[in-house]
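These notes concern the structure reproduced below.
Just the heavy atoms: all of them, side chains too, but no hydrogens, waters or symmetry mates, feed the values below.
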Amino acid sequence: WTTGMRVSELVGLRIDDFDPAGHILTIRHLKTQGERYRQVPLRSDVVGELQDYIQRSDLQGRIFPIHRLTVNAILRSMCKGNLAGKCLRHPVSNLSHRVSAHSFRSALAVHWLRRNGEVEGQKALQSMLGHQSFNTTARYFKLGLMDVKKVYEELWDAPSSPATKK
């Protein structure tokens, strides 16, 4: 979930897209014509797991030689015994949520924006997700009740400036 890849990008990864020394993954845009791509950083633990997987597997070109629909089928089968396909529970509301491969992309975006919602962080997320328009990235600005309460409390707990005092 740390790369923000689309499922189609995941199943399209080639062995030469992986640079373990640089901790970089090159993600080719499959929806566009020509050679448009983005590079995303990889955490050390992900690099190690991916290297192990590639060494254990007899791969010919693609890292994950499966169809994109198979990814969601695998995910559904992993969740089958867990609330009929609802694997995740919200920590506050305790509501269960359906999980799809896209859920992980969304989770990265929301986590990223909560950690670094400043302009620089927003632009970095746009690049990480491969969005041409920031409006597409802005869809991930999701605030839960606890987030809204925190912002609200900070608004009213902040000291007033002399111009706003009555």
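- Remark: Phe134 pairs with no residue by the ring pair (Phe, Tyr, Trp, His ring centres under 6.0 Å) rule, at least two apart or across chains.
- Put simply, Ile15 and Leu13 are part of the same group of oily side chains (I, L, V, M, F, W, Y) that touch within less than 4.5 Å, one to the next.
- When the side-chain contact (heavy atoms from CB on, under 4.5 Å) test is applied to Asn135, the partners found at least two apart in sequence or on another chain are Ser133.
- Annotation: ring pair (Phe, Tyr, Trp, His ring centres under 6.0 Å) contacts involving residues 6-25, sequence neighbours excluded, are absent.
- Counting only residues at least two apart or in different chains, side-chain hydrogen bond (donor to acceptor under 3.5 Å, both in side chains) contacts with residues 62-71 are absent.
- In this structure, CD on Gln126 lies 9.0 Å from CD on Gln132, to the nearest 0.5 angstrom.
- Remark: Thr26 pairs with Gln39 by the side-chain hydrogen bond (donor to acceptor under 3.5 Å, both in side chains) rule, at least two apart or across chains.
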If you look only at distance, which donor and acceptor atoms sit under 3.5 Å apart when one is on a side chain in residues 42-50 and the other is two or more places apart or in another chain?
from	atom 1	to	atom 2	distance (Å)
Arg43	NE	Asp45	OD1	3.0
Arg43	NH2	Asp45	OD1	3.3
Arg43	NH2	Asp45	OD2	2.6

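- Between Glu9 and Thr3 the shortest side-chain heavy-atom distance does not fall below 4.5 Å.
- For the pair Tyr53 (side chain) and Phe64 (backbone), a donor-acceptor distance under 3.5 Å is absent.
- Arg6 and Gly130 get closest at one heavy-atom pair: NH2-O, 3.9 Å.
- A distance of 5.0 Å separates CE in Met5 from CG in Leu25, rounded to the nearest 0.5 Å.
- Here the CD1 atom belonging to Ile27 is positioned 8.5 Å from the CG atom belonging to Asp17, to the nearest 0.5 angstrom.
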